[in-house]
Amino acid sequence: MSAGGGRRPQTRGRGRASRRSQDLPGLPRDGLRIVPLGGLGEIGRNMTVFEYAGRLLIVDCGVLFPEEHQPGVDVILPDFSWLRDRLDKVDAIVLTHGHEDHIGGVPYLLRERADIPVVGSRLTLAFLEAKLKEHGITPVTVKVSEDDRRTFGPFDCEFIAVNHSIPDGLAVAIRTAAGLVLHTGDFKMDQFPLDGRVTDLRAFARLGQEGVDLFLVDSTNAEVPGFTVSEGELSPAIETVFRTTPGRVIVSSFASHVHRIQQVLDAARDHGRKVAFVGRSMVRNMGIAADLGYLDIPQGLVIDLKQLERRPANQIALICTGSQGEPLAALSRMANRDHPIRVTEGDTVLLASSLIPGNENAIYRVINELTRWGANVVHKGNAKVHVSGHASAGELAYCYNIVQPSSVLPVHGEWRHLRANADIAIRTGVDPKRALIAHDGAVIDLVDGQAKITGSVPAGLVYVDAMTVGGATEESLHVRRTLAEEGVITVVCIVDPDTGKLTEEPDYLAHGFEHAPGDFAKATPAIQKALTTANKENIEDIEQIEELVRQAMSNWAYRQTRRSPLIIPVIVDA
Ligand SMILES: [Zn+2]
């Protein structure tokens with residue numbers, strides 16, 4: 001008997017990740033190789049590897065969050081397989097800022113080589129170290145700030161202040177004998193940021209003057225016309241919520257959006273409300289941001305949740321996680337009445353965040369539930385409570401005109417964003433042949449000041465689920481989706497191996513069907529026919545016999561139910 005036979009989910013191999021790299025051309029002396037392993041053709045898991053004179057520098061190592069068609073997946077990593085046998089050649093990982101899609105993959109990379117120096121700004125490293133602690137990893141870190149210039153192996157790196165939706169972001173200029181490369185990281189050009197730290201266009205101009213050979217530019221908002229408005233423009237809407245809410249104010253935002261949370265804290269202070277942070281990552285990150293001086297918490301404003309609950313509702317503000325409808329985060333649990341905080345009539349819930357594509361259904365579900373409990377829900381769709389963290393088309397055009405790069409590689413975006421970003425570069429005078437639209441795994445060589453795509457390396461999706469890294473494959477996800485949408489039928493056949501005849505009626509075990517068990521017995525003639533064929537053709541391999549039974553059962557199920565369930569045939573010799 002071959003239990004659980006049939007189309008076994010592949011547990012080894014890695015689907016797309018197993019694509020073999022084509023033979024790469026040799027990298028000429030004084031050539032710089034740039035290999036984006038993530039973030040091109042998708043929003044997330046940003047990672048770029050630079051190779052010069054046999055040494056490697058990594059910029060960012062983030063995660064991508066799964067969509068509904070990737071059930072059971074926690075996060076998705078870049079594929080490290082091209083790096084794996086050359087990890088000893090990595091001189092540093094430079095982190096541009098502390099968002100998950102830029103730092104979330106670091107614990108998994110450090111598991112493969114723990115002592116790679118991790119370079120970043122103060123807040124970025126603090127967020128990273130808190131995350132690594134949960135993985136039991138103590139990293140080797142190198143703290144840098146804007147205007148610093150440091151050398152890692154052959155890579156001469158200069159750090160430049162950029163403004164984004166998390167404080168302390170850095171762009172990085174990388175100098176080698178191959179030329180000067182400028183990587184923006186995530187950025188925008190808010191001219192009135194709350195911390196006064198603007199994107200350093202003077203440095204961009206100076207580098208432009210020196211001659212930027214390749215400019216890697218954030219594409220996230222390249223399709224959005226005009227300019228991203230200032231963070232401070234949200235304050236009237238936040239102020240209105242605090243002024244007009246008779247009950248509690250419950251604000252949900254990203255646990256890294258220090259400036260947004262600063263605005264909420266200021267409004268709470270102005271309106272005589274005390275505040276508690278709710279949700280593990282919110283409590284942790286705001287503690288770090290306050291300790292390091294990035295968040296200014298007025299004395300006595302933030303108190304313990306238990307103490308806060310004793311106060312009248314109109315003196316209460318809560319700042320919690322869950323703005324993307326994440327099922328386990330505080331806000332979703334409040335919406336589901338699965339949290340000690342009971343949202344009720346008179347409360348306002350303020351979703352001070354973006355609505356990340358793919359999360360819409362979950363977010364609207366949360367909004368509907370909260371509304372059902374009587375709360376007034378204020379969100380991006382009905383008030384000005386969110387601005388983007390990324391440069392829009394107008395800002396990108398400014399950047400190109402200031403930097404005047406010879407070649408451009410749009411990064412951080414889906415194809416449409418990369419295309420739109422390249423088009424902006426071309427409109428500012430970049431040679432269309434030098435505006436490179438590349439996919440994850442593309443190999444770009446910068447030689448004699450000319451950047452060209454010369455090959456590719458594996459860059460498939462590596463799934464992390466509860467138990468494994470890279471264990472789940474496209475095929476196993478296909479099986480999970482089939483189980484969810486089409487159901488499963490197990491058919492156990494006891495067969496006389498000499499005659500190929502069923503010795504009794506097969507057992508049919510079905511899930512996800514409304515049919516009575518007896519209904520499936522109508523499939524028996526088709527199954528017997530498959531077994532007879534196998535016997536006539538002297539097929540003895542049990543897997544081949546099971547495959548014939550699976551096909552017969554599958555065809556029958558489709559004819560009868562118009563569905564394609566997962567079929568698990570089990571053949572037992574009589
Ligand atoms: Zn970011």
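First listed ligand is number 1; within each ligand, the first listed atom is number 1. Basis for what follows: all heavy atoms, side chains included, without hydrogens, waters or symmetry-related copies. Throughout, residue positions are numbered sequentially from 1 according to the sequence presented. For clarity, every value in this text was computed on a predicted model and none was experimentally measured.
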#### Entry: Within the 6.0 Å centroid threshold, strictly below: His386 and His257
no
#### Entry: With Leu83, the side-chain contact (heavy atoms from CB on, under 4.5 Å) member among Val457, Val35, Val49
Val49
### Query
For the residue pair Ala203 and Ile160, what are the closest heavy atoms and their distance?
CB-CG2, 3.8 Å
### Message
Given a threshold of 2.8 Å, state how many protein N/O/S atoms are nearer than that to the Zn ion (ligand 1).
### Response
4
### Query
Under a 4.0 Å N-O cut-off, is there an ion pair linking Asp423 with Arg419?
yes
### Message
Assess whether a salt bridge exists between Arg175 and Glu158, defined as any Lys/Arg side-chain N lying under 4.0 Å from an Asp/Glu carboxylate O.
### Response
yes
### Query
For Phe242, which residues count as a ring-ring contact (aromatic ring centres under 6.0 Å, His included) partner, sequence neighbours excluded?
none
